[in-house]
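First the structure, in the form of structure tokens, and then the observations on it.
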Amino acid sequence: MELKQLGEHTWYIPGRVNIGYYEENGKGYLIDTGLDDDHGKKILKLLNETRGTPLRAIVNTHSNADHIGGNAVIQKRTNCEVWATRIEGIMTEWTSLEPLWLWSAWPFREIRGKFIEAKPSKVTFIDGEKAEREKAESEYPIMDTALTAVPLPGHYLDMIGVKTPDGVFFAADALFAPAVLEKYRFCVMINIEAGYKTLDMLENSRTTTWFVPCHAPAVRDIGELARQNREALAWVSEAVYDTLAPGRALSREDILAEICLAANLEMDAASLLLNLSSVSAHLTYLSARNRVEPFVKDCRLLWKRKDG
Ligand SMILES: [Zn+2]
């Protein structure tokens, strides 16, 4: 693990989940904390050895377990605050909502591992008491710091990117490395249309010297990565549509199974439910474009082409 400098006051720790670090007025700020206690302890050790600056807050981009899993141990040891948007913050304080949401009922043990359900931590909302919708469309300052929150809709509920004043843009899970896209095919994306818009916005972001996605290496130019992510989204949309050949009707579980068997993708219960959520998002996207439609037959929710 190492701390790499990207700007005068900004660093990051490269890894399976890239962690951001920023300093202002003698205080340190982490951007996300990785998967678990172990990851959190390693981050703290590294910061103590290399910087030794008191940690004021963790800024969480969103509430997925691989981004908030180190919060609890870091908060316990440093007494730092955890800052997040309202809805992501609620998911961070009550982390059993994540498997509950996936399963749509109280979750069973096999989907409550640390990759889905992190240890909870105590959150301070960065979007305050004002209606967050008002702010959701545009950038806003993070508390009293020079950091800026940039809404990145698509991947999750109210995910933000974090911009530092020295030109670094932590882009969270708005885009993934080609190797990740290739390996998993279905990267979590709950709103496809919003996800495309976010990719456009990132590509047009001009005041950035470094982009740091959480699951891709830091890059100076985001264009190629945005293009690869657009392609990956389109691939899933078309794969879903292709399973619904004219005259066929399938449930979303059937659609997922057909795609995964053809692409040789193995899943456990948790990854199957995550992928099912992506299939659902693509079905919503395709139905909004009048390409597919749902209907109930023999007590099953099925999908078919609208033109077939
Ligand atoms: Zn992630």
Side-chain angles (χ1 to χ4, degrees), residues 1 12-21 30-40 42-43 58-72 74 82-85 87-92 95 97-99 101-102 111-121 123 149-162 169-192 194-195 198-199 202 211-219 222 225-226 228-229 232-233 236 267-268 270-278 281:
M1 215 185 223
Y12 86 121
I13 305 167
R16 273 175 71 103
V17 186
N18 293 327
I19 306 295
Y21 180 67
L30 270 170
I31 295 140
D32 291 340
T33 58
L35 183 65
D36 54 13
D37 279 358
D38 189 46
H39 203 160
K42 283 184 180 148
I43 292 168
I58 294 161
V59 184
N60 281 137
T61 58
H62 65 300
S63 60
N64 283 165
D66 56 330
H67 299 257
I68 64 163
N71 284 12
I74 293 175
V82 172
W83 295 348
T85 58
I87 191 161
E88 301 288 354
I90 289 166
M91 302 283 282
T92 301
T95 51
L97 275 173
E98 169 98 27
W101 189 37
L102 275 181
I111 59 169
R112 301 190 70 177
K114 67 179 179 184
F115 289 95
I116 301 290
E117 185 172 340
K119 279 193 184 170
S121 43
V123 175
V150 184
L152 300 174
H155 172 72
Y156 218 52
L157 297 160
D158 190 10
M159 183 172 78
I160 51 163
V162 178
F169 191 155
F170 291 97
D173 284 5
L175 18 69
F176 301 91
V180 177
L181 295 168
E182 178 74 22
K183 185 173 174 199
Y184 297 102
R185 295 299 177 104
F186 299 89
C187 288
V188 174
M189 184 69 78
I190 66 168
N191 185 331
I192 307 302
T198 291
L199 290 175
L202 284 172
F211 288 94
V212 189
C214 280
H215 305 289
V219 284
I222 201 86
L225 197 58
Q228 288 160 334
N229 276 264
L233 280 179
V236 181
M267 298 175 284
D268 60 11
S271 53
L272 188 147
L273 290 173
L274 283 167
N275 290 346
L276 203 54
S277 149
S278 294

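Counting convention: from 1, in listed order, for ligands and their atoms alike.
If you check the side chains of His155 and Asn64, you find a donor sitting under 3.5 Å from an acceptor. Side-chain atoms of His215 and Asp173 include a donor-acceptor pair closer than 3.5 Å. Side-chain polar atoms of Ser278 and Asn275 form no donor-acceptor pair below 3.5 angstrom.
In this structure, Asn60 contributes its side chain and Ser63 its backbone to no donor-acceptor pair below 3.5 Å.
Considering all non-hydrogen atoms of both residues, Ser121 and Asn71 come closest at OG-ND2, 3.1 Å.
The side-chain contact (heavy atoms from CB on, under 4.5 Å) search around Val180 returns Phe176, Ala177, Tyr184, Cys187, not counting sequence neighbours.
Protein contacts to the Zn ion (ligand 1) involving N, O or S atoms at a distance below 2.8 Å are Asp66 OD2, His67 NE2, Asp173 OD2, His215 NE2.
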